[in-house]
There are 4 protein chains.
Amino acid sequence: METMIDRKPTDRRKQVLEAASRSFAAFGYKATTMDQVAKAAGVGKGTIYTFFANKEELFEQIVKDLIAELKAVAERTLDPALPFSDNLLGILQQVLAYRDRHGLVVKLSQEVKEFGTPMAKGGLEAVERSIVDYIAGHVSDAIAKGEVRRSDPALTAYMMLKMYLALTAEGDHLHEPLDAEQVLAHFRFYCLEGLAVV
Amino acid sequence: METMIDRKPTDRRKQVLEAASRSFAAFGYKATTMDQVAKAAGVGKGTIYTFFANKEELFEQIVKDLIAELKAVAERTLDPALPFSDNLLGILQQVLAYRDRHGLVVKLSQEVKEFGTPMAKGGLEAVERSIVDYIAGHVSDAIAKGEVRRSDPALTAYMMLKMYLALTAEGDHLHEPLDAEQVLAHFRFYCLEGLAVV
Amino acid sequence: METMIDRKPTDRRKQVLEAASRSFAAFGYKATTMDQVAKAAGVGKGTIYTFFANKEELFEQIVKDLIAELKAVAERTLDPALPFSDNLLGILQQVLAYRDRHGLVVKLSQEVKEFGTPMAKGGLEAVERSIVDYIAGHVSDAIAKGEVRRSDPALTAYMMLKMYLALTAEGDHLHEPLDAEQVLAHFRFYCLEGLAVV
Amino acid sequence: METMIDRKPTDRRKQVLEAASRSFAAFGYKATTMDQVAKAAGVGKGTIYTFFANKEELFEQIVKDLIAELKAVAERTLDPALPFSDNLLGILQQVLAYRDRHGLVVKLSQEVKEFGTPMAKGGLEAVERSIVDYIAGHVSDAIAKGEVRRSDPALTAYMMLKMYLALTAEGDHLHEPLDAEQVLAHFRFYCLEGLAVV
DNA sequence: AATGAATGAGTCTTCATTCAT
DNA sequence: AATGAATGAAGACTCATTCAT
């Protein structure tokens with residue numbers, strides 16, 4: 001009688017993660033209820049708690065997975081033979097392909113300082129810090145190679161992330177959603193070239 | 001004997017606004033409880049409701065005040081005789097002076113997309129939209145005068161705001177807090193000049 | 001400078017009683033707020049508390065006054081020379097003239113069992129009991145004189161009150177509001193004559 | 001070991017309805033707190049909300065059930081072959097059998113006009129209107145058949161209900177509680193025969 | 001004496017978490 | 001192992017009452 005549905009047992013964990021990911025992205029952390037997640041995942045509410053001790057842990061797992069995935073994408077794309085800006089834009093291009101899947105989560109993690117005490121203050125910044133550290137390493141190299149102007153690599157990496165997030169943000173209706181190509185072009189314009197007339 | 005406390009009776013509304021402002025900035029909208037605000041303001045819970053019909057209205061008032069204040073600062077500082085970048089940096093400089101008072105709120109309003117149905121959908125974006133519109137107008141002028149490179153004024157204004165907020169953000173411990181002078185210098189560097197070696 | 005309003009100081013207590021009376025009748029006990037009463041009476045909220053220790057006491061006073069007023073009306077109208085049914089209808093006629101002023105309160109006192117523990121359980125029934133006792137006395141006499149059929153005077157009095165209240169009730173939209181004359185006619189029909197075909 | 005408690009899981013909804021019914025009858029709508037109901041029903045407060053969206057809906061359900069039950073009783077008892085007064089008294093007799101179970105609720109619905117805006121204005125009168133309409137239909141027939149004196153059927157039905165409620169009321173300690181037989185006898189006396197000596 | 005701003009106990013309602021099945 | 005009915009702590013909001021002016 002289980003044959004009718006016939007899901008491999010290990011499916012359930014992934015289903016939960018994906019449903020939760022979508023919910024967090026769409027409604028935010030607090031506004032997402034465990035009922036919602038269970039319903040969306042097509043599992044019982046109790047099932048979630050067999051995988052994750054609580055809501056917070058579920059959220060953290062999503063964030064952790066995201067970091068790993070982003071790193072993997074970056075590593076896969078990076079070509080040491082190419083100049084920094086090519087690599088940077090190349091990676092952005094790859095990441096943008098995933099935008100539908102986790103772009104919103106990136107945005108969420110950026111936007112949500114919205115957490116009670118339980119959700120450890122800096123906990124969320126794990127994502128950003130991890131990304132920034134990663135980029136900063138490459139910025140350092142690029143500076144050393146004279147490929148970009150001299151600057152604080154950490155701060156520059158941070159500004160890059162913010163600009164990327166600003167351009168890809170779909171939530172605020174402050175600007176039209178940009179397609180991948182536009183994001184790349186504008187990123188190059190604002191981040192690399194600058195506004196000043198030469 | 002009253003001299004120790006000695007608050008003008010009309011203080012209370014302001015006390016509430018300031019305590020709420022701090023709380024919203026520190027914990028976000030949802031995570032801020034009215035009890036908290038009352039305690040922080042040193043007033044009874046009911047007192048808040050004599051001034052504001054509900055939590056949402058309290059929040060909106062803070063946002064509204066902020067917009068007004070920012071506009072006032074900008075108008076006061078703007079000198080049509082000066083070139084765009086000077087005005088831009090001048091205004092930033094002025095606004096930065098207020099950072100302690102409401103910088104956090106700016107950040108909050110940017111970060112909190114975290115609202116259920118009650119908090120009118122785009123309602124919060126009022127702040128950003130208002131600021132962006134304002135800047136966009138001046139960007140337009142600057143482009144017309146050839147003071148900056150040709151670009152979509154709205155998008156450029158939006159990116160400027162995001163960069164400014166990124167640099168002044170104190171919440172994320174992703175970079176050391178910068179003092180006013182540093183913010184200005186970095187803003188010039190990242191926003192106007194760009195990273196690319198010339 | 002007080003001359004502009006120029007109310008005799010003793011006015012205030014009566015103003016409060018009347019405003020409260022109207023409010024209780026219109027909205028019920030719980031749904032009537034002290035703010036409402038104060039506003040309607042044109043006095044400060046605190047003023048109410050100089051006359052009445054609390055909301056309950058205010059209500060009780062209204063009830064007490066009402067009883068007294070009803071008794072006075074009855075006494076004034078009663079003519080021992082007339083037969084019972086004439087007196088009964090005569091008194092009803094008098095009381096009906098006051099309907100605008102306190103008819104609603106009578107109804108309220110009947111309808112509102114709606115009281116927390118504070119409002120002593122049977123406390124409200126004071127009105128009804130007082131009225132019933134009064135009528136019962138006269139029913140007794142009437143029975144003794146053979147003017148009405150033999151019955152339990154208390155129960156008959158009680159039923160009379162209920163019928164009267166049912167006919168004068170304006171709150172339920174179960175029947176069209178009846179004018180004084182109609183009330184009298186119907187009271188005679190239902191209470192004295194009965195439905196049965198003879 | 002479970003035998004002592006041994007409740008079928010589905011019991012809970014009914015437990016809540018019954019506890020609420022008792023509480024509403026005893027204390028009224030406003031004075032009944034959800035905590036009280038939960039405690040009285042022996043369930044958690046949240047449990048109530050799994051069955052009823054809110055307090056108002058809980059109340060409405062009780063009222064609705066009551067109407068349905070009363071109608072069912074009436075239909076079951078009605079015998080078109082019998083004269084009106086027999087049917088009327090027969091139905092009363094049946095309804096009286098229910099008195100112990102929810103007679104108080106009937107009374108409540110009659111007494112509580114005590115509702116702010118939330119509780120839909122005439123919403124509560126649904127019970128009475130429903131009952132009155134039902135009786136009125138039968139009164140019409142009875143008049144047509146010459147079984148009772150000519151009168152406005154709606155008003156007569158309304159008066160009958162009020163008299164019935166007055167006689168069965170247990171809340172007011174204005175008269176001794178009557179047993180079923182007494183209620184019937186008195187109803188016949190006051191409603192059908194009238195007080196006047198023939 | 002009169003006021004009304006201030007108060008906080010008490011309400012309804014939500015939702016993360018548990019546990020019997 | 002999976003479930004979802006049950007729970008109660010916590011939050012927004014109301015309003016009778018107090019008290020400084």
Side-chain angles (χ1 to χ4, degrees), chain A residues 2 5 7 9-10 12 30-39 43-58 116 118, chain B residues 2 9-13 16 30-39 41-56 58 116 118, chain C residues 2 7 9-10 12 30-39 42-58 116 118, chain D residues 2 9-13 16 30-39 41-56 58 116 118:
Chain A
E2 301 249 341
I5 306 200
R7 278 202 278 252
T10 45
R12 290 186 141 77
K30 278 229 163 179
T32 292
T33 70
M34 294 303 257
D35 259 310
Q36 246 170 68
V37 173
K39 205 82 71 186
V43 305
K45 210 183 340 177
T47 305
I48 302 177
Y49 286 88
T50 64
F51 299 125
F52 308 96
N54 51 41
K55 192 181 176 182
E56 202 169 316
E57 202 166 277
L58 169 60
Chain B
E2 301 252 340
T10 45
D11 263 354
R12 288 187 143 79
R13 192 172 185 279
V16 169
K30 277 221 163 179
T32 292
T33 72
M34 296 301 259
D35 264 310
Q36 237 172 76
V37 173
K39 206 81 73 185
V43 305
K45 205 186 334 176
T47 304
I48 302 178
Y49 287 89
T50 64
F51 299 125
F52 309 96
N54 49 42
K55 192 180 175 182
E56 202 168 315
L58 170 59
Chain C
E2 300 250 343
R7 279 202 277 251
T10 44
R12 291 186 141 76
K30 277 229 162 181
T32 292
T33 70
M34 295 301 258
D35 261 309
Q36 247 169 69
V37 174
K39 204 83 72 187
V43 305
K45 209 183 340 176
T47 305
I48 302 177
Y49 286 88
T50 63
F51 299 125
F52 309 96
N54 50 42
K55 192 181 175 181
E56 202 169 314
E57 201 166 280
L58 169 60
Chain D
E2 301 252 341
T10 45
D11 264 352
R12 288 186 143 79
R13 191 172 186 280
V16 170
K30 277 222 162 179
T32 292
T33 71
M34 295 303 257
D35 263 309
Q36 239 172 75
V37 173
K39 206 81 74 185
V43 304
K45 209 185 330 178
T47 304
I48 303 177
Y49 286 90
T50 64
F51 299 125
F52 309 97
N54 50 43
K55 191 180 175 182
E56 202 168 315
L58 169 59

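Order of the sequence lines fixes the chain letters, A, B, ..., with proteins taken first and strands second; residue numbering starts at 1 for each chain. Remember, it's a predicted structure, so these values are computed and weren't measured experimentally.
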Engineer: How long is the line joining CE of D:Met34 and P of F:dA12, in whole Å?
Structural biologist: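 It works out to 20 Å between those atoms.
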
Engineer: How many angstroms lie between CE in D:Met34 and CG in D:Leu58, if you round to the nearest 0.5 Å?
Structural biologist: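 Rounded to the nearest 0.5 Å, the CE-CG separation comes to 5.5 Å.
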
Engineer: Touch check for B:Thr33, heavy atoms < 4.0 angstrom, all strands: base, sugar-phosphate only, or nothing?
Structural biologist: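 Sugar-phosphate only.
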
Engineer: So, for B:Val16 and B:Ala41, which heavy atoms are closest and what is the spacing to 0.1 Å?
Structural biologist: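 Looking at all heavy atoms of both residues, the closest pair is CA-CB, 3.9 Å.
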
Engineer: Tell me which nucleotide among E:dC12, F:dC13, F:dT7 gets nearest to the side chain of D:Thr47.
Structural biologist: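 Nearest listed nucleotide: F:dT7.
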
Engineer: Assign each of C:Ala53 and B:Tyr49 to its nearest nucleotide of DNA chain F by heavy atoms, then name whichever residue's nucleotide is nearer the 5' end.
Structural biologist: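 Its nucleotide being nearer the 5' end, the pick is B:Tyr49.
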
Engineer: Calculate the interatomic distance between A:Glu56 atom CD and E:dC15 atom C1'; express it in whole Å.
Structural biologist: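 Taking CD of A:Glu56 and C1' of E:dC15, I get 16 Å after rounding.
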
Engineer: Can you give me the dot-bracket string for DNA chain F, 5' to 3', counting Watson-Crick and G-U wobble pairs with both distances under 3.5 Å, using [ ] for crossing pairs and | for partners on another strand?
Structural biologist: .||||||||||||||||||||

Engineer: Using a cut-off of strictly less than 4.0 Å, decide whether D:Arg12 has a side-chain nitrogen or oxygen near OP1 or OP2 of F:dG4.
Structural biologist: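 Answer no for this pair, as no side-chain N or O of D:Arg12 is under 4.0 Å from OP1 or OP2.
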
Engineer: In whole angstrom, give the distance that lies between atom CD of A:Glu57 and atom P of E:dA16.
Structural biologist: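 Atom-to-atom, A:Glu57 to E:dA16, this comes out as 15 Å.
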
Engineer: Start at the 5' end of DNA chain F and walk down; is the nucleotide closest to D:Gly46 or to C:Lys55 reached first?
Structural biologist: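 Its nearest nucleotide being more 5', the pick is D:Gly46.
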
Engineer: Between D:Arg13 (CZ) and F:dA6 (C1'), how many Å, whole number?
Structural biologist: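 Taking atom C1' of F:dA6 as the reference, CZ of D:Arg13 is at 16 Å.
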
Engineer: In whole Å, what is the span from the CZ atom of B:Phe51 to the C1' atom of E:dT7?
Structural biologist: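 Atom-to-atom, B:Phe51 to E:dT7, this comes out as 12 Å.
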
Engineer: Atom CZ of D:Phe52 and atom C1' of E:dC12: how far apart are they, to the nearest Å?
Structural biologist: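 One finds 16 Å between C1' of E:dC12 and CZ of D:Phe52, rounded.
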
Engineer: So, for C:Lys55 and C:Thr32, which heavy atoms are closest and what is the spacing to 0.1 Å?
Structural biologist: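 Smallest interatomic distance, heavy atoms only, reads NZ-O, 2.8 Å.
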
Engineer: So which one's nearest nucleotide on DNA chain E is more toward 5', A:Lys45 or B:Gly44?
Structural biologist: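 This one resolves to B:Gly44.
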
Engineer: When rounded to the nearest 0.5 angstrom, what distance separates OG1 in A:Thr33 from NZ in A:Lys45?
Structural biologist: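 Here the interatomic distance stands at 8.0 Å.
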
Engineer: Between D:Asp35 and C:Ile48, who's closer to the 5' end of DNA chain E by nearest nucleotide?
Structural biologist: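 Checking each residue's closest nucleotide, the 5'-ward one belongs to C:Ile48.
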
Engineer: Locate the shortest heavy-atom distance separating D:Arg13 from D:Phe52; write the atom from each residue and the value.
Structural biologist: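 Reported closest heavy-atom pair: NH2-CE2, 3.7 Å.
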
Engineer: Provide, to the nearest angstrom, the distance between the CG atom belonging to D:Asn54 and the C1' atom belonging to F:dA12.
Structural biologist: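 Distance check: D:Asn54 CG to F:dA12 C1' gives 16 Å.
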
Engineer: Could you tell me the separation between the CD atom of A:Gln36 and the P atom of F:dG4, rounded to a whole number of Å?
Structural biologist: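 Roughly 17 Å, once rounded to whole Å.
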
